[in-house]
Amino acid sequence: MNDSPRWSEIEYLPAWDEDFYDVYTAKKLGKWVMLKTLKKQYRDDPRMVDMLNKEFDARYNLSHPNIVMINDFEDVPGVGLSIICDDVYGTSLRTLLDKNELNDHQYEQLVTRLPMALEYIQQNHLAHRPLRPERIIFTQDIGNLKLIDVGFDQRSSLSRNDTDSDLRAYGDIMTEVLERTGRQDSHIASIARRASAGKFHDVPQLEMAIGGNTGIRLFSTVGIVMLAIAALVGYVIHHHGM
């Protein structure tokens with residue numbers, strides 16, 4: 001039998017604090033995880049405990065590579081009732097911008113993967129707090145983008161204001177990224193301005209605009225290939241008959 005304790009190496013992460021929650025890293029049966037628990041002043045408030053339960057229910061069945069996954073919900077000794085998340089220890093976008101350390105891989109994920117995560121959140125009707133750089137994390141080892149604090153309730157539908165807020169937030173974030181890093185990306189700069197101004201109807205429309213140049217190149221390539229195949233078939237028919 002494994003005699004190691006169920007919980008070990010529990011460490012408070014003040015930089016990861018959320019509005020109502022404290023965040024910890026810890027080992028559960030030897031595996032690194034993260035804990036999300038109510039701040040002490042809220043732990044005896046039934047409304048806040050209900051909020052914690054609702055967040056667990058809303059997020060437990062989610063599965064997306066750019067969203068922090070939840071895998072358990074239990075009372076952790078010395079910490080309290082906690083949502084148990086996958087270990088995604090890393091660096092926030094805010095910190096990377098402040099230190100001017102955002103690399104090309106991380107930038108590309110902001111351009112492409114962040115909208116995909118937002119679309120998934122909206123498809124699952126998750127009510128969540130405003131998207132901002134502090135809630136975008138890049139994992140320590142391979143730098144994958146992960147969203148934290150992605151939903152406190154799952155509803156039958158989201159209001160237009162909810163979905164518009166995500167689009168505007170994406171535009172604001174990308175504008176700040178371009179300004180702070182000095183990147184020259186006129187295509188994304190234009191899209192960010194349009195997003196901030198509320199010019200996109202939904203996330204798929206935003207994604208189409210982002211992939212516009214790629215889509216045109218792909219269409220052209222496919223067209224050339226199809227023409228080549230048609231020419232080859234015509235040549236074979238002409239010279240060999242049917």
J.: Should Met116 and Glu207 be marked as a side chain to side chain contact (heavy atoms under 4.5 Å, CB included) after you check the CA-CA gap, both sets of side-chain angles, and the distance that decides it?
T.: CA-CA 8 Å; Met116 291 180 186; Glu207 291 174 314; 3.6 Å; yes
J.: With a 4.5 Å heavy-atom cut-off, do Arg59 and Phe152 have their side chains touching?
T.: no
J.: For Leu206 versus Tyr170, what's the shortest heavy-atom pair and its separation?
T.: CD2-CD2, 3.7 Å
J.: Can you tell me if CG on Asp50 sees more than 12 non-hydrogen neighbours from other groups inside 6.0 Å?
T.: yes
J.: Is it true that the side chains of Asp57 and Gln154 contain a donor and an acceptor less than 3.5 Å apart?
T.: no
J.: Once you round to the nearest 0.5 Å, how far does CG of Asn103 lie from CG of Leu96?
T.: 8.0 Å
J.: How far apart are the closest heavy atoms of Leu62 and Leu126, and which atoms are they?
T.: CD1-CD1, 3.3 Å
J.: Answer with yes or no whether the side chains of His201 and Arg160 bring together a donor and an acceptor at under 3.5 Å.
T.: yes
J.: Decide if atom CD of Gln184 counts as having more than 12 heavy atoms of other residues, nucleotides or ligands within a radius under 6.0 Å.
T.: no
J.: What pair of heavy atoms forms the shortest contact from Ile70 to Cys85, and how long is it?
T.: CG1-SG, 4.1 Å
J.: Less than 4.5 Å apart, any side-chain heavy atom of Glu176 and any of Leu97?
T.: yes
J.: Can you establish whether the number of heavy atoms outside Tyr12 located under 6.0 Å from its atom OH is more than 12?
T.: yes
J.: According to a 4.5 Å side-chain heavy-atom criterion applied to Ile, Leu, Val, Met, Phe, Trp and Tyr, with indirect links allowed, do Leu158 and Val150 form part of one hydrophobic cluster?
T.: no
J.: Is there a side chain to side chain contact (heavy atoms under 4.5 Å, CB included) between Leu102 and Leu110 once you walk through the steps?
T.: CA-CA 10 Å; Leu102 188 75; Leu110 290 170; 4.1 Å; yes
J.: How about Val76 and Ile84: do any of their side-chain heavy atoms sit closer than 4.5 Å?
T.: yes
J.: Do Lys146 and Asn66 come within less than 4.5 Å of each other through their side chains, counting heavy atoms only?
T.: no
J.: Same hydrophobic cluster for Leu114 and Phe200, using side-chain heavy-atom links shorter than 4.5 Å among ILVMFWY?
T.: yes
J.: Okay, side chain of Ser190, backbone of Ser186: is any donor-acceptor separation there less than 3.5 Å?
T.: no
J.: Quick check: does any side chain N or O of Arg135 sit under 3.5 Å from a backbone N or O of Ile148, one acting as donor and the other as acceptor?
T.: no
J.: Rounded to the nearest 0.5 Å, how far apart are CD of Gln123 and CG of Leu118?
T.: 11.0 Å
J.: In terms of ring plane angle, is the pair Tyr42 and Phe20 parallel, tilted or perpendicular, where the classes change at 30° and 60°?
T.: perpendicular
J.: Answer yes or no: is there an ion pair linking Asp185 with Arg183, defined by an N-O contact shorter than 4.0 Å?
T.: no
J.: Side-chain contact test, heavy atoms from C-beta onward, threshold under 4.5 Å: evaluate it for Leu178 versus Tyr107 and give yes or no.
T.: yes
J.: Is it possible for you to say whether Val23 and Leu35 belong to one hydrophobic cluster, with membership spreading through side-chain heavy-atom contacts below 4.5 Å?
T.: no
J.: Give the minimum heavy-atom separation between Tyr120 and Ser63, together with the two atoms involved.
T.: OH-N, 2.9 Å
J.: Nearest 0.5 Å please: distance from the OG1 atom of Thr163 over to the CD1 atom of Ile121.
T.: 12.5 Å
J.: Going by heavy atoms in the side chains, are Ile10 and Thr25 under 4.5 Å from each other?
T.: no
J.: With a 4.0 Å cut-off on N to O distance, would you call Glu9 and Lys28 a salt bridge?
T.: no
J.: Can you list every pair that meets salt bridge (Lys or Arg N to Asp or Glu O under 4.0 Å) and has a residue in residues 194-203, with sequence neighbours left out?
T.: none
J.: Please check if the side chain of Asn53 supplies one atom and the backbone of Val49 the other of a donor-acceptor pair under 3.5 Å.
T.: yes
J.: Output the distance between atom CG (Asn124) and atom CD (Glu119), rounded to the nearest 0.5 Å.
T.: 10.5 Å
J.: Nearest 0.5 angstrom please: Lys54 NZ to Asp153 CG, how far?
T.: 5.0 Å
J.: Between the side chains of Ser196 and Asp172, does any donor sit under 3.5 Å from an acceptor?
T.: yes
J.: How many angstroms lie between CD1 in Ile137 and CE in Met34, if you round to the nearest 0.5 Å?
T.: 8.0 Å
J.: Is there a salt bridge (charged side-chain N to carboxylate O under 4.0 Å, His left out) between Glu74 and Arg6? Walk through the geometry before answering.
T.: CA-CA 12 Å; Glu74 64 179 277; Arg6 182 176 180 82; 3.1 Å; yes
J.: Does anything in residues 76-91 pair up under side-chain hydrogen bond (donor to acceptor under 3.5 Å, both in side chains), and if so which pairs, sequence neighbours excluded?
T.: Asn71-Asp86
J.: Is there a path of hydrophobic side-chain contacts, each under 4.5 Å between heavy atoms, that joins Trp16 and Met69?
T.: no
J.: Could you check whether His125 and Asp162, counting side-chain N and O atoms only, form a donor-acceptor pair closer than 3.5 Å?
T.: no
J.: Does Arg129 come within less than 4.0 Å of Glu134, counting only side-chain N to carboxylate O?
T.: no
J.: Check for a donor-acceptor pair, side chain of Thr37 on one end and backbone N or O of Leu81 on the other, with a separation under 3.5 Å.
T.: yes
J.: Is the backbone of Thr95 close enough, under 3.5 Å, to the side chain of Glu101 for a donor and an acceptor to pair up by distance?
T.: no
J.: On a heavy-atom basis, which atom in Ala192 and which in Thr175 lie closest, and how many Å separate them?
T.: CB-OG1, 3.4 Å
J.: Would you sort out whether Asp166 and Gln122 count as a side chain to side chain contact (heavy atoms under 4.5 Å, CB included), showing the intermediate values?
T.: CA-CA 9 Å; Asp166 286 341; Gln122 293 188 3; 2.9 Å; yes
J.: Shortest non-hydrogen contact from His105 to Asn144?
T.: NE2-OD1, 4.1 Å
J.: Could you tell me whether the side chains of Tyr21 and Glu55 share a donor-acceptor contact shorter than 3.5 Å?
T.: yes
J.: Between Leu147 and Leu131, does the side chain to side chain contact (heavy atoms under 4.5 Å, CB included) criterion hold? Intermediate values first, please.
T.: CA-CA 9 Å; Leu147 290 184; Leu131 180 69; 3.8 Å; yes
J.: With a 4.5 Å cut-off on side-chain heavy atoms, are Leu13 and Tyr24 touching?
T.: no
J.: Out of Asp149, Asp17, Asp19, which residue meets the salt bridge (Lys or Arg N to Asp or Glu O under 4.0 Å) rule with Lys36?
T.: Asp149
